[in-house]
> 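Could you have a look at this structure, given as structure tokens, before my questions?
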Amino acid sequence: MHHHLIHADGLVVDTTTGEIIGRDDKPSAYADPYDYKPCLSNFRSVDDLNAYLEYVDLRKLPPHTRSNLTAAQDAALGEWFRSRKKVDCRISEPMMNLLCQMHGLVKYRNIIIMTQAGLAKELDTLESNLMKKLNILIKANMMRVSTSRHGNIRKGEIKITLHPRLIFRGDDAKRGNCIDAWYRDWMTLHPHSAFSMNKRGWDDSTITTAAIAA
């Protein structure tokens with residue numbers, strides 16, 4: 001086998017010398033446009049996510065455990081006690097149950113994209129009640145949701161981005177970048193409340209606190 005030969009536009013070319021060796025009808029190495037890896041932030045459909053995952057070997061990712069989630073819950077409870085129960089920063093049982101369900105649906109990083117009907121089924125609720133169920137995490141700044149009405153997502157589908165401190169499937173470096181981006185986005189979306197945010201990035205008007213963000 002001649003590893004230095006390629007097939008380009010019907011020609012057999014020696015890559016070491018540039019010499020045209022002959023002709024054949026094999027597919028050209030340049031027959032199709034280059035398939036660029038899509039950007040995570042540009043996802044607008046289930047197909048976009050599946051196309052991206054073609055580039056990812058999920059077997060090489062760190063174990064997808066709930067350690068960050070349970071650590072955040074423990075830290076929030078500790079902060080509540082240390083504040084002498086003046087700041088209710090706990091992750092409630094309903095919130096934790098929903099976060100655990102979200103954890104199981106994450107394939108990569110902190111993003112879920114699926115049909116609204118499919119998500120409602122996974123969460124054992126009616127599709128008409130879906131946003132009401134998710135609202136407990138949205139209000140706590142633990143989850144951000146985009147749909148066709150708000151976010152230009154394909155009709156009938158939903159994109160969920162979870163707080164990367166709580167749920168993330170990937171390496172620590174990418175997780176750190178996502179955490180930084182999360183807080184930058186929050187300040188961009190809520191400049192009026194930026195003054196009320198503590199140094200770790202949580203808005204004091206939410207039930208979440210620095211215990212989770214630490």
Side-chain angles (χ1 to χ4, degrees), residues 36-56 58 61 64 66 68-69 72 91-92 94-171 174-194 197 200-203 205-208 212-213:
Y36 288 99
K37 186 176 181 179
C39 178
L40 282 165
S41 62
N42 293 332
F43 288 180
R44 294 292 178 267
S45 68
V46 173
D47 292 338
D48 290 342
L49 177 59
N50 291 336
Y52 187 94
L53 292 178
E54 291 181 4
Y55 296 91
V56 180
L58 299 178
L61 296 178
H64 189 40
R66 295 179 183 174
N68 291 327
L69 188 53
I91 299 178
S92 66
M95 294 168 72
M96 191 64 173
N97 289 339
L98 184 53
L99 285 167
C100 288
Q101 289 177 298
M102 293 292 108
H103 180 277
L105 295 174
V106 170
K107 294 181 180 180
Y108 186 60
R109 297 198 184 179
N110 58 328
I111 290 177
I112 299 169
I113 303 181
M114 57 192 306
T115 64
Q116 295 183 38
L119 181 59
K121 183 177 180 180
E122 289 287 345
L123 301 182
D124 195 25
T125 190
L126 297 175
E127 187 175 349
S128 59
N129 195 50
L130 181 59
M131 294 307 298
K132 182 178 179 181
K133 188 176 184 69
L134 298 178
N135 205 40
I136 188 173
L137 298 182
I138 296 171
K139 285 186 175 180
N141 193 27
M142 295 180 180
M143 172 189 290
R144 295 170 185 169
V145 172
S146 300
T147 64
S148 60
R149 291 184 178 181
H150 306 284
N152 197 30
I153 304 302
R154 187 159 63 188
K155 188 175 181 179
E157 298 183 355
I158 186 169
K159 177 181 178 180
I160 292 175
T161 308
L162 295 155
H163 197 300
R165 281 198 182 277
L166 302 175
I167 298 173
F168 193 84
R169 190 177 187 191
D171 61 58
K174 289 185 175 65
R175 178 171 176 254
N177 292 337
C178 287
I179 290 171
D180 291 341
W182 182 276
Y183 293 137
R184 285 197 303 271
D185 291 346
W186 175 258
M187 294 192 71
T188 299
L189 292 171
H190 305 277
H192 60 283
S193 62
M197 297 173 68
R200 296 179 181 87
W202 289 100
D203 190 313
S205 66
T206 69
I207 62 175
T208 51
I212 301 173

> Does some side-chain heavy atom of N110 sit less than 4.5 Å from a side-chain heavy atom of T161?
yes
> Starting at CD of E157, measure out to CD1 of I113 and round the result to the nearest 0.5 Å.
8.0 Å
> Report yes if the side chains of R154 and D47 come closer than 4.5 Å at any heavy-atom pair, otherwise no.
yes
> Between R175 (side chain) and G170 (backbone), is there a donor-acceptor pair under 3.5 Å?
no
> Taking the side chain as C-beta and beyond, is there a heavy-atom pair between N50 and K107 under 4.5 Å?
yes
> Please examine the side chains of N42 and D48, heavy atoms only from C-beta on, and report whether any two atoms are closer than 4.5 Å.
no
> Is there a side-chain contact (heavy atoms from CB on, under 4.5 Å) between I158 and I153 once you walk through the steps?
CA-CA 7 Å; I158 186 169; I153 304 302; 6.0 Å; no
> Just wondering, do I160 and L105 contact through their side chains at under 4.5 Å, heavy atoms?
no
> Go through H103 and H64 one step at a time and tell me if the side-chain contact (heavy atoms from CB on, under 4.5 Å) criterion holds.
CA-CA 9 Å; H103 180 277; H64 189 40; 3.4 Å; yes
> What is the ring orientation for Y108 with Y52, classed by angle as parallel under 30°, tilted 30 to 60°, or perpendicular over 60°?
tilted
> Do you know which of R184, R165, K174 makes side chain to side chain contact (heavy atoms under 4.5 Å, CB included) with I179?
R165
> Show, in sequence, the C-alpha distance, side-chain angles and deciding distance for M142 and I91, and conclude whether the side-chain contact (heavy atoms from CB on, under 4.5 Å) test is met.
CA-CA 10 Å; M142 295 180 180; I91 299 178; 3.9 Å; yes
> Working to the nearest 0.5 Å, report the span between CG of N141 and OH of Y183.
8.0 Å
> For L134 and M102, which heavy atoms make the closest approach, and how far apart are they?
CD2-CE, 4.4 Å
> How long is the straight-line distance from CE of M114 back to CG of L119, given to the nearest 0.5 Å?
5.5 Å
> Anything under 30° is parallel, anything over 60° is perpendicular, the rest tilted; go ahead and classify W182 against H163.
tilted
> Do E127 and T115 come close enough that some side-chain heavy atom pair is under 4.5 Å?
no
> With side chains defined as the heavy atoms from C-beta onward, is the minimum distance between I138 and M131 less than 4.5 Å?
yes
> Measuring from L166:CG to L69:CG, what's the distance to the nearest 0.5 Å?
6.0 Å
> Quick check: do K159 and L49 have side-chain heavy atoms less than 4.5 Å from each other?
no
> From R109 CZ over to N177 CG, what is the distance, rounded to the nearest 0.5 angstrom?
8.5 Å
> From I111 CD1 over to S146 OG, what is the distance, rounded to the nearest 0.5 angstrom?
9.5 Å
